Every structure is written in C-alpha cells, then in structure tokens.
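Sending over a structure as structure tokens; questions will come in a sec.
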Amino acid sequence: MNAPTCCLARIPANGKFWLRNARVADGLRDIRIEDGRVRALLAAGESPCCAPGLDLDGGAVRPMAGGGPVAAGDPADLWVTLCGGRTVPMRAGRLDENRSQKAGHLDGSDR
C-alpha cells in the first residue's frame with residue numbers, strides 16, 4: 001500500500017474521525033469531522049488519543065471555497081495534504097484518493 005492509500009485506510013466508514021496535526025491558517029490543529037461537517041478544531045494533540053483519525057504530520061488543510069479559514073460548523077469540503085505529501089479533495093468528509101490537486105492551484109483548477 002502506498003502512503004496515501006495507507007492514510008485513507010485509517011478513515012472510518014461512519015464519517016466520524018479526527019484529522020490530527022493538520023496545518024491550518026493559525027497553526028497546527030486537530031480537526032473533528034462528523035456527518036460531512038467540521039465539528040471542532042482543537043490545539044494539536046488535544047483530540048482523544050484512542051478516537052479514530054488520521055495524523056497528517058503537519059499536512060495542510062484548506063477550505064475548497066478558498067480564502068477563509070477552516071472553521072467549526074462549515075462543510076467538510078477541504079483540500080487535505082496526506083501523510084504521503086499528496087493533496088486530495090475531501091467532499092462532505094470523504095477523501096477522494098483518485099483526484100489530487102494540481103500543483104500550484106489551491107482550487108484544483110487547470111488554469
């Protein structure tokens with residue numbers, strides 16, 4: 001299994017998990033994803049240790065809509081940089097390992 005596939009295997013099918021050690025605009029955070037939405041952001045290392053999740057090891061997490069910060073209550077439509085360094089889209093809390101972000105384009109466009 002390559003690194004991105006290995007990472008994706010750690011996300012439970014019920015859609016409730018943590019993105020740990022995620023780099024967002026204001027630093028490293030643990031991000032709770034639940035039912036297709038961002039439910040909480042905590043300081044990195046503050047999420048429950050035994051809860052399911054994925055350690056991004058400082059990988060960036062950005063809203064697909066662009067411009068604003070990742071915020072609790074927002075849809076989990078995000079660009080996520082996985083542990084293997086590849087950036088993939090997350091729509092409603094589900095990662096798509098088959099579509100990676102175009103280098104240099106935060107919105108994934110072909111510009």
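Everything numeric here is computed off the predicted structure, so don't read it as measured data.
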Distance-only donor-acceptor check, side chains Asn21 and Asp57, under 3.5 Å: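 Result is no, nothing qualifies.
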Notebook entry, point to check: Where is the tightest heavy-atom contact between Phe17 and Met90, given as atom of each residue plus distance?
Noted result: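 That closest heavy-atom pairing would be CZ-CE, 3.7 Å.
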ask   = Which pair of heavy atoms, one from Gly58 and one from Leu28, lies closest together, and at what distance?
value =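 Where Gly58 meets Leu28 most closely, the heavy atoms are CA-CD2, 3.9 Å.
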request  = Taking the side chain as every heavy atom from C-beta outward, state whether Arg29 and Val61 have any atom pair closer than 4.5 Å.
outcome  =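 Result no, sub-4.5 Å side-chain heavy-atom pair not found.
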Of the non-hydrogen atoms in Cys49 and Arg20, which two are nearest, and what is the gap between them?
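Taking Cys49 first and Arg20 second, the nearest heavy atoms are O-NH2, 4.1 Å.
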| task | In sequence, state the C-alpha distance, the side-chain angles, and the governing distance for Leu78 and Ile33, and then conclude on side chain to side chain contact (heavy atoms under 4.5 Å, CB included). | result | CA-CA 11 Å; Leu78 308 165; Ile33 304 295; 4.2 Å; yes
- Item | Student check: side-chain heavy atoms of Asp30 and Leu41 closer than 4.5 Å |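 SC-SC contact between Asp30 and Leu41 ruled out.
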Query raised in the report: Shortest non-hydrogen contact from Pro63 to Val70?
Result: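 Heavy-atom minimum between the residues: CD-CG2, 3.8 Å.
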- Test item: Leu56 and Ile31 side chains (from C-beta on) under 4.5 Å apart, heavy atoms: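 Contact flag for Leu56/Ile31 side chains = no.
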- Query: Any side-chain heavy-atom pair from Asp35 and Lys16 closer than 4.5 angstrom?
  - Reply: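 In short, these two side chains touch, coming nearer than 4.5 Å.
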| Are the side chain of Asp77 and the backbone of Ala92 linked by a donor-acceptor contact shorter than 3.5 Å? |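 Yes; at least one donor-acceptor contact below 3.5 Å.
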(Q) Could you check whether any side-chain heavy atom of Met64 comes within less than 4.5 Å of a side-chain heavy atom of Arg91, counting everything from C-beta outward? (A)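 The answer is yes, as the side chains (C-beta and beyond) meet within the 4.5 Å cut-off.
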**Asked** Looking at CZ of Arg39 and CD of Glu34, how far apart are the two atoms once the value is rounded to the nearest 0.5 Å?
**Response**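 One finds 6.0 Å between CZ of Arg39 and CD of Glu34.
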Q: Check whether Leu82 and Trp18 end up in the same hydrophobic cluster, where Ile, Leu, Val, Met, Phe, Trp and Tyr are linked by side-chain heavy atoms less than 4.5 Å apart.
A: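 In one cluster: no.
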